[in-house]
2 protein chains.
Amino acid sequence: MNSSRPVTIKDIARRFRCSPSTVSRALNDHPAINEDTRKNIQEYAKEVGYQRNEVSLSLLNKKTATLGVVVPTISNYYETAVIEGLHTALQPLGYTLNICVTNENYLLEKEYLSKLLSNRAEGIFLSVSQETYDSGYYEHLESVIQRKTPLIFIDREYEDFETSRATVDDYHGAFAAVEHLINIGYKQIAHLKGPNGLTVSEQRFKGYVDCLKKYDMPVREELIINTNFKVESAIVPTKRLLEMVSPPDAIFGVNDQVAIGAMRVVKDKNLKIPQDVGLVGFDNSPISAYTFPSLTTVSRPGRKIGMEASRLFINQINGSGDFSHESIVLPSELVIRESSLRI
Amino acid sequence: MNSSRPVTIKDIARRFRCSPSTVSRALNDHPAINEDTRKNIQEYAKEVGYQRNEVSLSLLNKKTATLGVVVPTISNYYETAVIEGLHTALQPLGYTLNICVTNENYLLEKEYLSKLLSNRAEGIFLSVSQETYDSGYYEHLESVIQRKTPLIFIDREYEDFETSRATVDDYHGAFAAVEHLINIGYKQIAHLKGPNGLTVSEQRFKGYVDCLKKYDMPVREELIINTNFKVESAIVPTKRLLEMVSPPDAIFGVNDQVAIGAMRVVKDKNLKIPQDVGLVGFDNSPISAYTFPSLTTVSRPGRKIGMEASRLFINQINGSGDFSHESIVLPSELVIRESSLRI
DNA sequence: GAAATTTTTTCAAACGTTTGCATTCAATAT
DNA sequence: ATATTGAATGCAAACGTTTGAAAAAATTTC
């Protein structure tokens, strides 16, 4: 009762006293099938709700039309934009995306990759978890490489692997953001940094440092504080910054969430944005345009990254074996709004 | 060269001049296999990176351990929380989640469901798209029912189907929000409504209306304006509200995004929150605690919904055929913050 | 009416794995 | 030496579908 076995080709064959081959051909409009036979079979199939078992086909053809998307989180605007881009590009080609969320956890990442290989995914898009990045264990990727399953790195890359990758130019985005603050006239620019070790954090940090250096401004260690990307992780650090004897007059947040957290603290201290404190974020999340004041930020083309990554994948499966891998770096763009426009 | 065929059990069998059965049993630690044979085979398998082809197993056992999650979007906090809840509950049981994003599109939803059935998903969690809801076409669900694939509705339910469902009590959440505004002393409460037709929108709307009625306050048509849940869709409506001859002194937004959009407009008009205008949202998204002023809102237990939905699924597959379906309604909870606390 | 041709259908193998049952082989008991 | 046991392995079928080649059936040609 519980599980009514799905109708198979054999069931239909029995019903028409013909062979499964005939049914298969009839359903696929094979020309060598009698017109009447075809019509009868197709009608009956529709009537009983026949649906091709793709699992058996996958086995036969060794094609699953499934791609793995392994990401640390889907709770941010950026990540969902990337997935949307992948989806937009790959869904029309008949691919199914298998989205796996690792929660920055190494073991889960490993398990998902293994599972994807077992399920014969035809390609994997990977943004490595923070734990993986920290630990430096990349053995779990070896089996993907060994199996020659196309592996496309998204964003968080690992330099030692021979793979394609699509990343955003975080460095120059951060550089432009800080340069903008300097041009406006801010003198003491703090940075709410992301977790150590992640490319994203470090590149933005580097852009921050290099820009200060270019303009002969001191890099004050005490103005650089870590966060974990989340809005609440900016609260205590920002308070610490503002209570210094020589507090910063501008804050560059590693992302919009952090910048919005900082915004809240600045306002609680009755300081004016951008007059007393300038503020810049990163991501250009939808909300950033509607905070008060609106947030200057750096836009990351998440959707585009997804589409470019798809392109890299397609290139790879169409290319020959000695295909040399591609690295795509998309520019990020400064979006100037009220939070930094001191006049 | 491109595709190095994965190692199969047959390959290993050939290497050891034994039968595939022996290899299979050796790999699965079957007791009837000689100790040495087992060790040799297992070692070799590891060495060449053998990985069980789950596709063939799926075919054999008619079990795919795959569940479909069909949602309109993953760009909101709430949806990702639900997915996280599903994930938390089902990943440990060995299930793989196949997340499908319909973008509120009927045809895509239909295609995904068909694909999930073809791929023999063992269950489907569905939050129907807006188009589906609007059109009232539910034929594409019939095949899911017919195949007796467990179907769990999440949030956006369709009353006519005999299925399990897990929803949040939007009605009472909205009621409580409006009641709170009334208790504080607000007299003219506007509502930025969600898209027509969606349960979520309509339930909150109903809660709003019924609460006004309970307190003998007039329901003014012109104070009810539609949005599409997105922050930018609140801008024009809020402007319209505030420029009325008799403007509202409080706004109840269908979600936090919309409320935050309204917050921006109110501030642009140099009106004070909560003194001149009270504001309440819905969702309790992380950012709502850190806006300035912080946003009073109604929390929806997304993670819990995901976990409850998982439970319903598990119940259903363990239950007998004449299993009567369950409806779970989780309470939503008013979270009072600064944006409504006029003293 | 038989041969040649065309149309339609069936056979069998394949994809990778598991598993009940049968078989083989060696060791032990009689 | 023969029967009995026990351990280790192999056989074959099954899951659902496709497809080249062979076979069967129907039609045409002379």
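Convention: sequence-line order gives letters A, B, ...; per-chain numbering from 1.
- What you find for Leu312(A) and Ser164(A) is that their closest heavy atoms are CD1-CB, 4.0 Å.
- Aromatic ring centres of Tyr44(A) and Phe16(A) lie closer together than 6.0 Å.
- A salt bridge does not link Lys39(B) to Asp36(B): none of the charged side-chain nitrogens sits closer than 4.0 Å to a carboxylate oxygen.
- Separating the CG atom of Asn40(A) from the P atom of dT8(C) is a distance of 14 Å, rounded to the nearest angstrom.
- Put simply, CZ on Phe16(A) is 16 Å from C1' on dT8(C), counting in whole angstrom units.
- Arg14(A) places its CZ atom 16 Å from the C1' atom of dT10(C), with the value rounded to the nearest Å.
- Mapping Leu59(B) and Ile33(B) onto DNA chain D by nearest heavy atom places Ile33(B) closer to the 5' end of the strand.
- Remark: the Gln91(A) side chain and the Glu111(B) side chain contain an N/O donor-acceptor pair separated by less than 3.5 Å.
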What one-letter contact string describes nucleotides 17-26 of chain C from 5' to 3', where B marks a base within less than 4.0 Å of any protein heavy atom, S marks contact via sugar-phosphate atoms alone, and - marks no contact?
-> BBBB------

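- For the pair His30(A) NE2 and dT9(C) C1', the interatomic distance rounds to 11 Å; values are reported in whole Å.
- Computed from coordinates, the Lys63(B) NZ to dG16(D) P distance equals 15 Å when rounded to whole Å.
- Side-chain atoms of Gln42(A) and Asp29(A) include a donor-acceptor pair closer than 3.5 Å.
- Using cut-offs of 30° and 60° for the angle between ring planes, the His87(A) and Tyr112(B) rings count as tilted.
- Nucleic acid contact for Thr37(A): sugar-phosphate only, since backbone atoms but no base atoms lie under 4.0 Å from a heavy atom of the residue.
- Summarising the geometry, the separation between CG on Asn34(B) and P on dG6(D) is reported as 18 Å, rounded to the nearest angstrom.
- We find that CG of Leu117(A) is positioned 16 Å from C1' of dG16(C), with the value rounded to whole Å.
- Checked against a 6.0 Å centroid threshold, the rings of Tyr138(B) and Tyr106(B) do not count as neighbours.
- Ion pairing of Glu54(B) with Arg52(B) is present here, as a side-chain N (NZ or NE/NH1/NH2) and a carboxylate O approach within less than 4.0 Å.
- A salt bridge does not link Lys46(A) to Glu43(A): none of the charged nitrogens lies less than 4.0 Å from a carboxylate oxygen.
- Side-chain N/O atoms of Lys62(A) include none lying less than 4.0 angstrom from OP1 or OP2 on dA14(C).
- Note on the helix from dG1(C)-dC30(D) to dT30(C)-dA1(D): angle between the axes of the first and last five pairs equals 80°, rounded to 10 degrees.
- Within the 4.0 angstrom heavy-atom criterion, no nucleotide atom of any strand lies near Arg38(A).
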